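Report on one structure; see the data block that follows.
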Amino acid sequence: MTRVLLLLALVVGVWAPEAQAETDGPLVLWHSYRGAEEAALKASVAAFIESADGTPVEVLAIPNEALASKLQSAIPRGNGPDVFIFAHERVGGWSASGHIRALNPEAIGGEDRFFAETLASLRAARPASDAVPDPAPELWGAPLNFKSTALFYRTDLIETPPATTDELLALGAELKARDIYPLAYMAQSFYFHAAWYFGYGGTLFEPDAQGQQGFAGQGAIASFDFVAELQRQAFVPEEVTGALVASLFNNKKAAMVINGPWFLGEIADGVPWAIAPLPTVSATGLPARPFLTIEAAFISGYESPPERVARSESLVRWLTSPAEAIRRGRDGRQLVATQDAWLDEGLNNDKVLAAFLAQRATTKPMDSRPEMRLVWEPGDLALRKLLRGDTDGAGASVAAARRHSAISRPQPAESSPLPFIILAAGLLLGLIALIFRGIVAVRRRGEGKLALMGWRWIAPAMVTTTILVVVPFVVGLVLAFFAHKDGDWTFVGLAHFGDILSAGDYDVFEPLSFYYALLITVLWTAVNVALHVAIGLFLAILLNRPLLRLKPVYRVLLILPWAVPNYITALIWKGMFHKQYGAINGMLEGLGLDGISWFSNTGTAFFANVCTNAWLGFPFMMVVCLGALQSIPKDLYQAAAVDGASGWQRFRHVTLPLLRPALVPAVLLGIVWTFNQFNIVYLVSAGEPDNSTDILISEAYRWAFARQDQFGYAAAYAALIFVLLLGWSVISVRAAKRAEEVL
Amino acid sequence: MANVELKAVHKRYGDVHVVKGIDLHVADGEFLVLVGPSGCGKSTTLRMIAGLESVTEGTIHMDGRRVDTLPPKDRDIGMVFQSYALYPHMTVRQNLAFGLKLRKTDKSLIADRVHEAARMLGIDALLDRRPKALSGGQRQRVAMGRAIVRRPTAFLFDEPLSNLDAALRVKMRAELAALHRRLGTTMVYVTHDQVEAMTLANRIAVLERGVLQQVGPALELYHRPANRFVAGFIGSPAMNIVDGSLRDGKFTLGGVTLLAPEAWAANRDEGSCGIGIRPHSLTLAEPGEGTVDGVVSVVEPMGWEAMVHVDPPAASGIGPLVVQVTGATSLPAAGETVAVSIDLKHAHLFAASGGETLHSPDPA
Ligand SMILES: Nc1ncnc2c1ncn2[C@@H]1O[C@H](COP(=O)(O)OP(=O)(O)O)[C@@H](O)[C@H]1O
Ligand SMILES: [Mg+2]
């Protein structure tokens with residue numbers, strides 16, 4: 001009994017809100033730095049502790065991917081760090097939701113301490129209220145470091161870097177003649193494209209010179225046309241990845257690279273290189289303006305005693321002080337936002353740091369409002385369309401604007417949860433009544449004690465399943481009835497389901513429509529499972545031949561695809577389907593055929609996905625078939641041979657029917673797995689082109705994580721997938737039973 | 001209907017020589033039983049006839065047509081397996097019809113044949129069941145039915161009765177014999193059970209370690225076994241075989257010397273040799289009054305007759321003896337000491353090396 005109580009305490013403990021932070025106790029600082037940057041931060045904090053007030057500080061490193069969600073769940077419960085270091089991108093949402101505290105500039109050393117550009121993204125207005133209709137923007141974080149892209153170039157190929165885009169194109173023609181890519185960068189990514197976009201006068205949230213806004217503006221179109229021109233002249237390689245950029249640059253196959261400070265670590269020893277600011281756009285006379293991103297120190301927004309807040313502020317002031325900024329710049333090689341730090345010789349003489357400092361002057365501070373997170377997908381979509389040659393700048397602009405409007409769904413109207421609560425309560429009551437009836441029935445039969453004993457046996461499994469499966473499932477289901485925005489949840493009833501099933505703004509047979517994704521998913525599942533069974537069965541029959549030599553070796557080799565983690569396999573296959581450097585096009589070209597741009601076309605991209613998944617999935621079917629084949633008594637074949645059956649007839653009349661009982665459940669299971677095979681679709685085709693190869697689950701993922709956290713909408717997708725699979729499993733359990741009955 | 005002829009047939013699995021040159025002629029319509037201890041190569045031989053195993057050396061002819069190079073389906077044989085090998089996913093009807101269906105036989109003809117076979121075997125009520133819903137005996141009949149419907153020129157049986165219980169086995173044995181009389185088809189039947197062999201066979205072929213020992217009618221094998229192996233194998237209870245030596249017309253076994261009968265004159269100085277006496281030719285006597293004394297280890301009363309197992313003392317060099325006592329009213333008890341009387345007039349005489357029979361007594 002005590003153990004049960006303990007377990008209960010544990011379960012409750014998981015949900016129980018934690019106590020408010022006390023006045024004393026060490027300050028807590030969360031960050032996600034590693035390596036030299038982490039060491040520099042730790043040294044800074046140690047120095048802070050030693051300095052005058054000697055306040056203890058606990059420093060906790062949290063993996064980058066987990067930091068945002070940890071902060072989002074801890075801070076509202078009055079838990080989590082006093083101070084944390086994070087990118088500026090969430091300032092808009094978190095300032096509105098109260099996750100972070102507005103800073104008094106004086107308490108952190110005054111605004112003049114920082115480069116003006118680095119403050120821009122950290123400002124946001126408090127939400128307007130009736131009393132203060134249009135409040136002035138406040139400062140929500142103290143900038144520590146900044147980052148942007150700049151132009152890396154090989155000094156053995158280029159003497160002076162191009163100052164304008166015209167110079168760039170002229171230089172390009174020259175280099176191209178020597179079979180060298182003038183410029184390598186991830187042209188299909190809007191983050192990298194932004195430099196051209198703003199250089200051509202494009203805007204995102206403000207109206208441009210013509211009063212246009214966002215992707216529809218003339219500047220946006222011109223920047224798209226510029227990239228199309230780069231691509232048309234083959235000045236940039238195709239289907240670029242980060243690894244490809246580094247390899248081309250290191251191997252003297254690319255003369256210039258647009259990349260950020262993280263590229264430093266990828267340049268090979270012995271490569272002669274330098275950094276320069278990006279060129280000016282000749283057409284507009286404006287500099288190319290890459291995004292400027294900021295890492296800042298934030299103070300958590302929960303209630304905290306004033307002395308404690310004061311101590312947090314003094315820690316932030318300490319960290320942004322010139323002396324500590326110099327330490328971060330020298331030891332961590334970070335681009336610090338504190339102006340006076342750059343008076344330091346060490347920082348000033350560092351050519352790399354100095355070059356990024358110079359680029360800073362022409363950057364575009366990345367907006368921190370939540371809507372920024374709806375920019376990436378349309379931007380990338382437009383660029384990919386363009387680079388595939390599907391459209392021109394104007395068409396790309398239209399596509400981006402259209403996608404932007406589709407994914408920035410207006411929030412559905414709030415609806416009353418009452419009918420749903422009544423319904424849920426009714427269901428719950430019904431469930432309780434059912435359980436009660438069951439108990440009464442059992443007792444009437446005098447099996448009460450026996451049943452109790454049974455329940456005790458399954459209790460551990462039930463408790464674990466409840467915690468690990470039932471609770472998340474119910475939570476997920478409930479989420480589908482809410483709309484999420486910046487940590488706030490609004491009850492919207494069945495609105496999400498309505499939107500999904502009515503296919504929104506899109507045609508029914510266009511990507512992004514639920515029905516299109518369903519069609520692709522069904523096709524995907526059918527083709528894959530058919531291939532799995534066919535290949536698996538074929539190989540199993542080969543392996544099952546009694547006289548085969550080296551059988552164990554083949555068996556191990558053939559199970560290998562299964563043993564390798566599937567995302568690794570997926571990435572390998574993605575590489576093999578690369579248009580310029582992939583093994584598959586290499587083979588085609590070796591045969592005198594043209595290489596195929598696999599991910600430019602729905603059919604070929606789907607084919608690439610299918611190849612990968614067929615490779616991953618056949619071993620399972622092979623093992624199942626091999627097991628089933630080996631359990632077929634040999635004398636059945638002999639009886640059939642005597643009865644006059646040929647080899648094929650024996651397969652047809654003995655092997656196949658006797659495989660059925662093992663194969664049917666395997667196929668049914670395979671269907672469920674393939675239906676939700678997220679990894680392959682996400683990693684191989686990534687939905688390309690234009691999300692036309694996305695399946696339901698990858699579409700749901702995008703709604704949740706790539707389109708401004710529309711968790712509720714994604715949960716509704718997940719619920720629909722669940723309903724589909726539930727229906728399927730009802731059918732399949734029956735089919736499996738029927739198949740087993742044969743033997 | 002066909003005769004089957006094996007000429008110098010060998011079978012090797014790699015280095016293992018399993019069948020070592022079999023010459024065997026099965027006459028048209030004959031019921032030939034291939035018998036021998038487990039592992040002697042009976043199934044291998046049968047399967048070579050069926051075409052399920054290749055022949056390493058030698059030839060097989062059926063009705064003068066060479067068949068050992070043909071696949072099973074072109075040999076026109078029917079086979080019944082020890083495990084029955086019924087197709088589990090087919091009904092009895094489908095099992096029976098399978099062979100005809102493969103031969104694209106006319107549907108109504110198939111139905112007729114299936115019904116005929118089912119009636120003959122008494123399984124007409126089972127036609128729509130699957131094998132798993134049948135008892136062992138019923139499955140056995142279906143397996144036979146499957147061979148019958150095709151009307152092959154020869155039937156091959158591989159220990160078809162050994163998975164049945166004793167009572168059913170006796171019954172099925174009789175039905176098999178009846179079936180053979182009725183169909184008159186050539187049958188080659190493999191068993192390790194010599195009782196089955198004796199009751200069913202027109203002729204028996206005894207196989208040991210891949211070598212044919214003797215082929216002949218049951219009684220010939222019983223009364224005139226070609227060698228010590230056949231003598232020990234055929235007949236139930238098995239013959240008592242004792243080693244001794246024959247010198248100067250006197251046979252010595254375990255310290256006892258007996259005068260050899262007149263009929264052994266040709267072998268009066270044979271030296272080491274063996275004798276074989278069937279249990280019913282031995283008699284019990286009071287201790288000291290028989291040929292050799294021994295302790296009764298087991299008594300198996302069977303009503304009209306009884307088997308008494310006697311262990312002579314180890315020093316005598318004589319192994320355990322089985323004495324068949326008929327009609328006796330009082331049997332010795334286990335542990336009692338008795339004497340066993342041996343009368344060499346009823347004994348078979350075997351050569352020491354090779355074990356071939358030197359003399360067999362006249363059946364009296
Ligand atoms: N495929 C095989 N490979 C090697 N040895 C085999 C094979 N099949 C049978 N044997 C051997 O051949 C001998 C005869 O087997 P079999 O004909 O089945 O004996 P039985 O007389 O009991 O039917 C046995 O010793 C068996 O181990
Ligand atoms: Mg056998």
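Per chain, numbering begins at 1; letters A, B, ... match sequence-line order. Given the structure is predicted, the values throughout are model-derived calculations rather than measurements.
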Locate the shortest heavy-atom distance separating [X] from [Y]; write the atom from each residue and the value.
X	Y	value
B:Tyr87	A:Leu636	CE2-O, 3.7 Å
B:Arg103	A:Val642	NH2-O, 4.5 Å
B:Pro72	A:Ala641	CB-O, 3.7 Å
B:Phe98	A:Ala640	CE2-CB, 4.2 Å
B:His89	A:Val654	CE1-CA, 4.3 Å
A:Asp643	B:Arg150	OD1-NH1, 2.9 Å

Per-residue contact mode, [X] against chain A (heavy atom under 4.5 angstrom):
X	result
B:Leu156	neither
B:Ile77	both
B:Arg75	neither

Winner by heavy-atom pair count (cut-off under 4.5 Å) against chain B, out of A:Pro633, A:Gly644, A:Ala645
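Most heavy-atom pairs under 4.5 Å with chain B: A:Gly644.
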If you apply the rule side chain to side chain contact (heavy atoms under 4.5 Å, CB included), what do you find for B:Arg47 with A:Gln638, and how did you get there?
CA-CA 10 Å; B:Arg47 293 154 56 80; A:Gln638 297 172 351; 2.9 Å; yes
Step by step, would you call B:Leu102 with A:His653 a side chain to side chain contact (heavy atoms under 4.5 Å, CB included)?
CA-CA 10 Å; B:Leu102 290 177; A:His653 295 292; 4.1 Å; yes
